[in-house]
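For reference, the structure discussed in these notes is given below.
Naming: A, B, ... by sequence-line order, numbering from 1 per chain.
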Number of protein chains: 2
Amino acid sequence: MKKTKNTKKQLLEATLTLISEKGYLRATTREIAQKAGVTELTLFRHFGSKERLFEELLNGYTFLPRLKELLPELEGLSYERSLEIIATRFLLTLKERKAMIKIMYSEVTIYPEKIRAIYNRFVDEMRGTMAGFFENMQKRGIMRRNSPEMAARVFLWILISYFRSEEIMRPGSMKKETMEMNVQEIIDIFMHGTLNKRSDLSYTGRTAHERL
Amino acid sequence: MKKTKNTKKQLLEATLTLISEKGYLRATTREIAQKAGVTELTLFRHFGSKERLFEELLNGYTFLPRLKELLPELEGLSYERSLEIIATRFLLTLKERKAMIKIMYSEVTIYPEKIRAIYNRFVDEMRGTMAGFFENMQKRGIMRRNSPEMAARVFLWILISYFRSEEIMRPGSMKKETMEMNVQEIIDIFMHGTLNKRSDLSYTGRTAHERL
DNA sequence: TGGCTATGTAAGTGCGCACTTACATTAAAA
DNA sequence: TTTTAATGTAAGTGCGCACTTACATAGCCA
């Protein structure tokens, strides 16, 4: 063989980048090949068609959320602090996977089943993990008796929307400090809720907003 | 003139539908014209190019959220009930605007400025209204002293993600009853928060989840 | 060394699509 | 009735793109 053995990998990477930037139809095979440093013909020799190239990208992609490994490290921390750490880690994962996330948002109409499958696999896993975490918090009497499933969904929804708002709909990338502040406020709301109750004051004293 | 005077309107409607279903590039001018009941040539005589057709669609679109008109009707209702009603109304608005929302999600990469402008106009207006509502609740001592802005953002984020999850990423459309139940659980979390506090029990007795 | 495999060069094919041109028709306004 | 504005019919143009074919070349292994 000549030169590199990882041609396929580089083609898949170029595909990921270009399709996330310009969408499936606007990302031409010529451009993808060029970005991968090979000829267009090589692309077709490896994947046969543009469609199969895209499918292989989708099939081979894994989000591997490292959330589960994170949970044991939270022992001893407060509920609030735990949520903050989980949220931060989750947002970083989203940021790392930004390219694929953009694809999932913009190409659902075209590849409904496959993209939904990936998306749901990812979200379901996250939700399962979080639901487990919440169940645990309930057993310890730390959390109210909400449905852990729904709590997990709401938790993830907030963060996904926040990510989308900051990273995709608003210009400029999330700054680390802004993010930390926002996460604090978000978690504050998620944890305490928004209703004024006397016990709040005795427990936390002030809201994240007041601390600013 | 011949027949209808509203050719432009019908073309714009067809454009909205088709682009939301298949994306900008896959929605052909031939198909759009056919759906509008006119010839392709008529389309070009009216709009000059496909791009300008799309631009006119974006420029002329208005979300007109009727949220503001809704607020006065909430006088006398509980905080929780008010939030439920607002959430339901907001979700219905999203459902009605589903086509444009799908376009905004899938074509941001291609028309960043214009789509972001529309999106932000919509979201900012909603957020402003909600922030006003929360400020009012704070003045009355009903709500904790969170940042009303952030509370509004979180509130809308949850609902938008919920909408997306049910209407776009999961097969099948939101059933009315399921939606009502989900909204109850969501609002329950948003309002009370997820922390177990003694005053919760004295105030509401049980969570939405326990009521099921 | 010789054969095999991965890649390259170059030229081309066919299709779909946005967009055009020339001419005809119809209904309403004048 | 004549004129005019909006639409239709029909044929076509040119471009970009996915994909192909034929032939050449460079490194690896037996």
Can you tell me the distance, in whole Å, between the [atom1] atom of [X] and the [atom2] atom of [N]?
X     : N      : atom1 : atom2 : value
A:K8  : C:dT5  : NZ    : P     : 16 Å
A:N6  : C:dA6  : CG    : P     : 14 Å
A:Q34 : C:dT7  : CD    : P     : 17 Å
B:L53 : C:dA18 : CG    : C1'   : 12 Å
A:Y24 : D:dG16 : OH    : C1'   : 15 Å
B:I19 : C:dC17 : CD1   : P     : 14 Å
A:L43 : D:dC19 : CG    : P     : 9 Å
A:F47 : D:dT20 : CZ    : P     : 15 Å

Legend entry - NZ/NE/NH1/NH2 to OD/OE distance under 4.0 Å, A:R140 and A:E75: yes
Legend entry - Salt bridge A:E55-A:R52, side-chain N to carboxylate O under 4.0 Å: no
Legend entry - pair A:E80-A:D188: side-chain heavy atoms closer than 4.5 Å: yes
Looking at [N], I'd like to know if its phosphate oxygens (OP1 or OP2) sit under 4.0 Å from a side-chain N or O belonging to [X].
X     : N      : value
B:T7  : D:dA6  : no
A:T29 : D:dA18 : yes
B:H46 : D:dT7  : yes

Legend entry - A:F90-A:F155 aromatic ring centre distance below 6.0 Å: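 So the answer is no for these two rings.
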Inset, instruction - Would you classify A:T39 as touching base, sugar-phosphate or nothing, given that sugar-phosphate means primed atoms plus P, OP1 and OP2, and contacts are heavy atoms under 4.0 Å? - result: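 A:T39: base contact, heavy atoms under 4.0 Å.
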Inset, instruction - Would you classify A:A27 as touching base, sugar-phosphate or nothing, given that sugar-phosphate means primed atoms plus P, OP1 and OP2, and contacts are heavy atoms under 4.0 Å? - result: sugar-phosphate
What nucleotide, of [options], holds the atom closest to the side chain of [X]?
X     : options               : answer
B:S49 : C:dA22, C:dC19, D:dT7 : C:dC19
A:L41 : C:dA18, D:dT7, C:dG8  : C:dG8
A:F44 : D:dT20, D:dG8, C:dG8  : D:dT20
B:K50 : C:dA18, C:dT7, C:dT9  : C:dA18

Inset, instruction - Would you kindly check whether a donor in the side chain of B:R26 faces an acceptor in the base of C:dG16, or vice versa, at under 3.5 angstrom? - result: no
Inset, instruction - Check if the side chain of A:R30 and the base of D:dG16 share a donor-acceptor pair of N or O atoms closer than 3.5 Å. - result: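 Such a pair does not exist between side chain and base.
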Legend entry - B:F190 side, atom CZ; B:L159 side, atom CG - distance, nearest 0.5 Å: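 Nearest 0.5 Å value for the CZ-CG distance: 9.0 Å.
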Legend entry - Residue closer to the 5' end of DNA chain D, A:L25 versus A:R45 (nearest nucleotide): A:L25
